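Here the structure is laid out as C-alpha cells; the discussion comes afterwards.
Everything numeric here is computed off the predicted structure, so don't read it as measured data.
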2 protein chains.
Amino acid sequence: MSTTESTARRATIKEVAEAAGVSRSTASRALSGTGYVAENVRARVRAAAKELGYVVDATARSLKQQSSRLVGVVVSDLRNAFYSAFAAGAAHACRTAGYTMVLLDDRGHTEDETAAAETFVALRVAGVVGTPVSASLSAFLARHRVPVVEADRRFAEDSVSAVVVDNRAAARSTTEHLLALGHRRIALLLDETDWTTGRDRAAGYADALRAAGLPEDPSLKVPTGWDAEAARAAAVSLLQRPDRPTALFAGNNLLAEGAWRAAADLGLSIPDDVSLVAFDDAPWMSMVTPGVTAVRQDPEAIGRAAVTTLVAELAGEQRGPSTVVVPTTMIHRGSTARPTQPA
Amino acid sequence: MSTTESTARRATIKEVAEAAGVSRSTASRALSGTGYVAENVRARVRAAAKELGYVVDATARSLKQQSSRLVGVVVSDLRNAFYSAFAAGAAHACRTAGYTMVLLDDRGHTEDETAAAETFVALRVAGVVGTPVSASLSAFLARHRVPVVEADRRFAEDSVSAVVVDNRAAARSTTEHLLALGHRRIALLLDETDWTTGRDRAAGYADALRAAGLPEDPSLKVPTGWDAEAARAAAVSLLQRPDRPTALFAGNNLLAEGAWRAAADLGLSIPDDVSLVAFDDAPWMSMVTPGVTAVRQDPEAIGRAAVTTLVAELAGEQRGPSTVVVPTTMIHRGSTARPTQPA
DNA sequence: CTACGATGTGGGAACGATGTCACAGCAGTG
DNA sequence: CACTGCTGTGACATCGTTCCCACATCGTAG
C-alpha cells in the first residue's frame with residue numbers, strides 16, 4: 001500500500017530528495033534524466049518518488065522553463081464530425097510527441113477564437129494548431145511569439161505553416177465528373193466564400209465550367225447558412241425552381257445532409273431526379289441508399305499532420321513556413337447518374 | 001499600433017507596474033480585482049497592461065495558488081459521435097464556468113487512462129470529468145485529492161459523483177416495445193457487460209423478458225467487438241442462423257451501424273425481415289430509410305451536466321457525492337414493425 | 001606528482017504571480 | 001485631540017522546479 005499513501009499535501013521533489021537522502025538538484029536530475037547521476041542514486045530516487053506517489057508539478061516546471069508541454073488546439077465545432085476527427089488526429093499526434101492537448105471550441109465566433117488565443121498565451125503553450133476563423137488568431141499568437149499551424153483553411157498565407165487539401169483541384173474534378181455525366185445545370189452550395197476553402201472550391205467549380213465552355217450561372221451558386229437545417233431550407237427552395245438544377249454539389253458534409261433531407265422532403269429521388277455529390281465524407285453517406293458520392297478528406301490525417309508540422313517547427317527542424325497538402329479521394333457511390341432530361 | 005508592440009520577451013506584471021508607476025502588488029490587485037485599489041490607479045494599470053500586450057502567466061499563478069483553472073476531460077474515442085458530443089458539452093460548460101478544458105482521448109485503454117490521470121495531476125487541474133475505463137481513474141485521482149465526476153458509466157459508485165442515464169429502465173422499455181409488437185426472439189448486441197452501461201442494459205432487457213414470462217435465451221445475447229466492423233460480422237452470423245431473431249437490439253450507435261450494414265449485406269429488409277432498435281441515437285439514423293428507432297441519450301447534456309456537477313463541488317456547494325440522471329427519450333422511426341412470422 | 005577531464009553532488013538563485021503584513025493618510029467619533 | 005476604522009500602497013516571502021555554478025573525487029596522461 002506504500003504507493004497509495006495519502007498524505008495531506010502532495011509530495012514535492014524536496015520530500016523525495018530527503019527520502020532518498022540526496023539534494024533537490026540531484027533528485028531533479030535523477031528524475032528528469034539530464035546531467036550526471038550515479039545509477040544507484042537514480043534508482044534510490046525513483047523508488048522514493050514512487051513510494052511517495054510523487055508527480056511533478058507541471059506549473060512549477062513550466063514557470064521555470066518558460067514553456068509548457070502543452071499544445072493548443074482550436075476547432076470551430078466539436079459536434080461536427082470533421083472537427084472531432086481532426087481533434088482526434090491532433091490528440092493522437094500530441095500524445096505521440098509527448099505533448100498534452102488543450103482543446104478549445106470557438107463555435108465559429110471570432111470573439112471566442114480571440115479568447116482561446118489569449119488562454120493559450122496565458123498557459124504558455126508550446127504552440128497552437130487550429131482551424132482559424134479569422135486572421136487574428138495567427139496575428140495575436142505571432143505577436144506573442146507562439147508558433148501556429150493553420151489547418152483546413154488559411155488566413156496568414158505566407159507567415160505561418162498550414163495543412164490543407166487542394167480544394168480547387170478537388171472541386172474541379174468533382175464538377176468535371178458531373179459534366180461528364182451530361183449535367184449542365186449544376187448548383188453549388190456553399191456556406192461561405194470568404195475563406196480559402198469556400199473560395200477555392202468555388203474557383204475549382206468555375207474552372208471546370210469554363211473548361212467545358214459553359215457560362216457560369218450566378219443563381220446556381222447558392223449561399224446557405226452554417227448548419228444542416230439552413231442548408232435544407234436553401235436546397236428546398238432551389239429544387240422548387242422551375243428550372244431546377246439536375247445536380248447538386250454540396251460544399252461540406254453538413255450542406256450535403258441538408259441537401260439530402262431537402263430531396264427527401266420534396267419526394268425527389270436521388271440520383272434519378274437530381275444527382276448529389278459532397279465535398280467532405282461522413283459516415284452516414286455510406287449508410288443511406290443510394291450512397292452519396294463524396295470527396296473524402298481525411299480530417300484525422302489533417303489533425304495529425306498539423307501537430308506533426310508544429311512539433312517539427314518546435315524542434316527547430318524547419319526553416320520557414322511550410323505547406324502540407326493532404327490528398328483527397330473521390331468515393332463513387334450511387335448518388336450521381338446521367339440527368340434524365342439533359343438541358 | 002501600441003498594442004501590437006512586439007518586445008523580445010513577454011511583458012510581466014512587473015513591467016506593467018513600472019509603466020503605470022505603481023508597485024507589483026498594486027498592479028496585481030488592479031488587474032485581478034481583489035483588494036483596495038483607487039479607481040484612477042486601476043485604469044492606469046489597465047491601460048499599461050493593454051499597451052504592453054500583457055497576458056497573465058497562468059503557470060506562475062497556478063504555482064502560487066496551488067491550483068489551476070483547468071478541468072481535465074477524458075473520453076474513450078473522440079471519433080465516436082457520442083464522445084465528441086460529450087466533449088462539446090463539456091467544453092461549453094467549462095467555458096461558461098471560466099475553466100479551460102484539457103481533453104485527453106484514452107482510446108479505451110487502461111494504460112492511456114492512467115497516463116491521462118497522471119497528466120492531470122501534474123497540471124494541477126481543479127478537477128476531472130470523464131467516461132472511465134477502469135476504477136483506477138477515480139482511485140488515482142482521489143489519492144491525489146483531485147475531485148472527479150464519472151460520466152456515462154460508473155466505477156467508483158459511492159465515492160464520487162456521477163452523471164448517467166437510466167440504462168436499465170430505458171433498455172427495459174425498449175425491449176417491451178419490441179415485445180408489444182409481437183417479437184419473441186429478440187437479440188441483444190453488446191460490446192461489454194462489465195461496465196454499468198452494458199450490465200444495466202442487459203438487466204433491463206432481462207427485466208422485460210421476465211415480466212412477459214419469456215425465458216432468456218443466452219444465445220441471443222451476443223457479445224460483439226468494439227467497433228462497427230466487428231459488430232457487423234457478429235450480426236451477419238447471427239442473422240444467418242436458421243432460427244434467426246426477428247428483432248435486434250443494438251447496445252450503442254456503433255453496434256447499430258454494424259447491424260444495419262449486416263442486414264444490407266444479407267439483403268434483409270428492415271423492418272420486414274428484421275426489426276432494429278438502437279441504444280444511442282446518431283445522425284445517420286434519421287437519414288437512412290427507414291429511420292432507425294432509437295433511445296436518444298443527449299451526450300452533450302451529459303457532458304454539460306458532468307462539468308456543472310464538478311464545478312459545483314469545486315465551489316463547495318455540494319456535500320457528498322451526487323448522482324445526476326439525464327433523461328432519455330425513445331425516438332420512433334420506421335425500423336420496428338410486427339414480425340412477419342411470429343414465433 | 002601534477003594537471004586535467006570526466007563524473008557526481010549540493011547550494012542558491014531564478015521563473016512570475018499572489019497575498020500577507022505593515023504602514024500611511026484621512027475621516028468621523030467620543 | 002486621541003481613537004478607531006477604512007482606504008490605499010509597497011516590501012517581501014512564497015509556491016515547486018530547474019539549472020548554473022562551485023566544489024569534490026577519481027582515474028589517467030604528461
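- For the pair B/Ile302/B/Val165, a side-chain contact is recorded, criterion being any heavy-atom separation below 4.5 Å from C-beta on.
- Taking 3.5 Å as the limit, the base of C/dG12 and the side chain of A/Arg24 contain a donor-acceptor pair of atoms between them.
- You'll find the side chain of B/Thr26 reaches within 4.5 Å of the side chain of B/Val41, heavy atoms only.
- B/Glu15 has its CD atom 8 Å from the P atom of C/dG16, to the nearest Å.
- In this pair, A/Phe155 and A/Trp195 present their aromatic rings perpendicular. The plane angle is above 60°, beyond the 30 to 60° band.
- Among the protein residues, B/Ser25 comes within range of the nucleic acid bases, having at least one heavy atom under 4.0 Å from a base atom.
- No salt bridge links A/Arg95 with B/Asp105; every basic N to acidic carboxylate O contact stays at or beyond 4.0 Å.
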Collect all protein-nucleotide pairs involving nucleotides 22-27 of chain C in which both atoms are nitrogen or oxygen and the distance is under 3.5 Å.
none

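- Residues A/Ala91 and A/Met101 approach most closely at CB-CE, 3.6 Å, considering heavy atoms.
- With no hydrogens or angles considered, a side-chain donor-acceptor pair links B/Glu192 and B/Thr197 at under 3.5 Å.
- Annotation: proximity of residues 55-64 of chain B to DNA chain D (heavy atom, distance under 4.0 Å) is found for B/Leu63, B/Lys64, numbered in ascending order.
- Regarding B/Leu31, its CG atom lies at a distance of 13 Å from the P atom of C/dG19, rounded to whole Å.
- For the pair A/Lys14 NZ and C/dA13 C1', the interatomic distance rounds to 16 Å; values are reported in whole Å.
- Mapping heavy-atom proximity under 4.0 Å, the span of DNA chain D touched by chain A runs 5' to 3' from D/dG16 to D/dC19.
- No side-chain donor-acceptor contact under 3.5 Å links B/His92 to the backbone of B/Ala90.
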If you restrict it to nitrogen or oxygen atoms, what contacts under 3.5 Å exist between nucleotides 6-9 of chain C and the protein, and what is each distance?
| unit_1 | atom_1 | unit_2 | atom_2 | d |
| --- | --- | --- | --- | --- |
| C/dT7 | OP2 | A/Tyr36 | OH | 3.2 |
| C/dT9 | OP2 | A/Ala38 | N | 3.0 |

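- The phosphate of C/dT18 has neither OP1 nor OP2 within less than 4.0 Å of any side-chain N or O from B/Gln66.
- Using cut-offs of 30° and 60° on the angle between ring planes, the pair A/Phe140 and A/His144 is tilted.
- Taking B/Arg79 as the reference, A/Ala88, A/Glu300, B/Asp77 meet the side-chain contact (heavy atoms from CB on, under 4.5 Å) condition, with sequence neighbours excluded.
- With a 4.5 Å cut-off on side-chain heavy atoms, B/Val133 and B/Arg153 count as touching.
- For the pair B/Val45/B/Val22, a side-chain contact is recorded, criterion being any heavy-atom separation below 4.5 Å from C-beta on.
- Under the salt bridge (Lys or Arg N to Asp or Glu O under 4.0 Å) criterion, the residue pairs touching residues 56-69 of chain A are A/Asp57-B/Arg124, with sequence neighbours excluded.
- Under 3.5 Å, the side chains of A/Ser161 and A/Glu150 contain no donor-acceptor pair of N or O atoms.
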